[in-house]
Each structure stands twice: as C-alpha cells, then as structure tokens.
Amino acid sequence: SQTIHQWPATLVQPVGSPLSLECTVEGTSNPNLYWYRQAAGRGLQLLFYSVGIGQISSEVPQNLSASRPQDRQFILSSKKLLLSDSGFYLCAWNRATNEKLFFGSGTQLSVL
Amino acid sequence: AQKITQTQPGMFVQEKEAVTLDCTYDTSDPSYGLFWYKQPSSGEMIFLIYQGSYDQQNATEGRYSLNFQKARKSANLVISASQLGDSAMYFCAMRETARQLTFGSGTQLTVLP
C-alpha cells in the first residue's frame, strides 16, 4: 500500500534562518506531488506541485521554493524565513491530476 | 472571486443526529470534480467523498452523502448519525479541468454528547 511521510511534525525557527521540509511517498511510482500551506483557521493554499523529477510549478509568488530530486521525494525550502512563513504545511500526492489527494500528517512551522 | 465558499465557520450537532455542511462553488468549466475532506485536530487531511460534475446520482460513502445541486452550484455534505469522532474541520474543494484543487475556508464541526 502507498504511504506518505512528512517531517518534522513541528519546527520552530528564527526569522532569517533556512528551511527544509521533506516529504516522501512509498508504494507508488511517478506520483504527482504537492505542497500546501494552511494559515491558522483557514483553508489550504497550494504552493507548489510537481508531475515529475525536476518539474516544479509554483502557484503563488513567495519566499519559498520546492525541489524534486528523486521520483518520490519532494522538498520545500527557504533560504531566509519570514514571520509570514509560519503555518501548517501539508504534503500530498495523487496518481493523476483528476484523482483525490492523499495527505501527509503535516508540519507546524513557527517562525519567531 | 471565491471559487469555493463555505459560509458556516462553525457548526454544532447533537450526537446521533444528522448535520449538513454547506458548500457552494463557482466555475464555468462544464467538467469539474467536488471533494470533501475532514481534518481532525491531528492535522491530517482525510478524504471523505467525491462528486463528478457529470455524475447523475449523489455520491454516498457510508454515513457521508453529498447533496449535489448542479443548477444552484452547491455540494453540501450530509453526515448522518453523528458521532463524537466526527468533530473536526471539514473542507470542500473543487478541481476544474487542467487546474489544481481549490479549497474552501472550512467548517468546524463539533458533535455534542
């Protein structure tokens, strides 16, 4: 069966520090991969998605970047975190664009 | 303009009763899909139910059913026989052709014992 792993679960970082959140999917090949951000008490905003290795699409301009170095690995990064980067980050995958998403357990990021 | 609108920030329901969570959407795409997800306090998003725009019948999954009214552009989630474990945030989402999933702002459901 397929599983998605996301870590760390919580992270507290100072403003201006770098960020690296990792997400890996097991049990499937060539998945579509997604990074979402959820502000407190609000819905999910799509940040990045990838349909293949090295293929990254950005939905909104921001301080973050994403990379897909391997087929089932998706990384969310920042060189210098801002206070506004605080939030709950969710990684997700599906087999095809029109299929339902499977989500990871999320990372609560607090930038202080 | 909002693509997905959930007008109920919070809802309360008595255990064992049914509850309807509202969702309206805005699209000119004839082909689209509607999803409902549940987010418990742990944070993980759990898929509940899906309705395609061309589906003739309302989708059902166990205690969950989707009241799909295409002309009104609404896709309300109905939870029958509520349980304490149903307390969570519920999100409606839509996917249009060649576009990614768009989520509403969510409804916090609290089931009272």
Side-chain angles (χ1 to χ4, degrees), chain A residues 1-11 21 23 25 31-52 55-60 62 66 74 86-110, chain B residues 2-10 21-25 27 29-55 59 61 64 66 75 88-110:
Chain A
S1 63
Q2 301 86 13
T3 56
I4 178 169
H5 301 282
Q6 186 181 342
W7 66 92
T10 59
L11 190 60
L21 301 181
C23 172
V25 179
N32 295 330
L33 296 170
Y34 305 81
W35 278 111
Y36 283 87
R37 177 170 59 202
Q38 183 179 22
R42 302 186 65 180
L44 276 68
Q45 179 187 39
L46 179 63
L47 302 177
F48 301 95
Y49 68 93
S50 171
V51 298
Q55 300 179 57
I56 308 294
S57 297
S58 174
E59 287 290 298
V60 293
Q62 58 202 301
F74 205 25
S86 293
F88 190 62
Y89 289 82
L90 284 156
C91 181
W93 75 275
N94 60 10
R95 291 188 188 86
T97 305
N98 61 348
E99 289 193 1
K100 66 184 180 185
L101 288 170
F102 297 92
F103 285 84
S105 53
T107 296
Q108 182 64 52
L109 172 65
S110 299
Chain B
Q2 290 287 339
K3 287 282 188 179
I4 294 285
T5 303
Q6 294 180 254
T7 57
Q8 307 155 313
L21 306 183
D22 294 341
C23 173
T24 57
Y25 58 92
T27 181
D29 189 343
S31 178
Y32 54 90
L34 296 158
F35 302 76
W36 276 93
Y37 282 85
K38 171 185 178 180
Q39 186 180 40
S41 57
S42 61
E44 186 175 356
M45 295 283 283
I46 302 167
F47 168 77
L48 296 178
I49 197 166
Y50 168 81
Q51 179 87 43
S53 60
Y54 293 119
D55 292 344
E61 289 283 352
Y64 304 108
L66 202 151
M89 194 76 164
Y90 288 81
F91 290 97
C92 179
M94 176 177 66
R95 175 176 289 121
E96 301 162 282
T97 303
R99 288 183 169 270
Q100 302 303 324
L101 211 56
T102 302
F103 285 82
S105 56
T107 296
Q108 179 67 50
L109 176 67
T110 302

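Throughout, protein chains are lettered first and strands after them, A, B, ... in sequence-line order, and every chain is numbered starting at 1.
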Checklist entry - Considering only heavy atoms, which portion of B:Tyr32 lies under 4.5 Å from any heavy atom of chain A: side chain, backbone, both, or neither? => result neither
Checklist entry - Which heavy atom of B:Phe35 sits nearest a heavy atom of A:Lys100, and at what distance? => result CE2-CA, 3.6 Å
Next on the checklist: Counting only non-hydrogen atoms closer than 4.5 Å, does B:Gln39 touch chain A with its backbone (N, CA, C, O), its side chain (CB onward), both, or neither?
Outcome noted: side chain
Checklist outcome for this item: If one checks every heavy atom of A:Leu90 against chain B at 4.5 Å, the contacting part turns out to be side chain
Checklist entry - Do A:Leu101 and B:Gln100 come close enough that some side-chain heavy atom pair is under 4.5 Å? => result no
Checklist entry - Do you know which of A:Gln45, A:Gln38, A:Gln108 has the most heavy-atom pairs with chain B at a distance under 4.5 angstrom? => result A:Gln38
Item to check | Flag side-chain contact, heavy atom, 4.5 Å: A:Tyr36 against B:Leu101 | outcome: yes
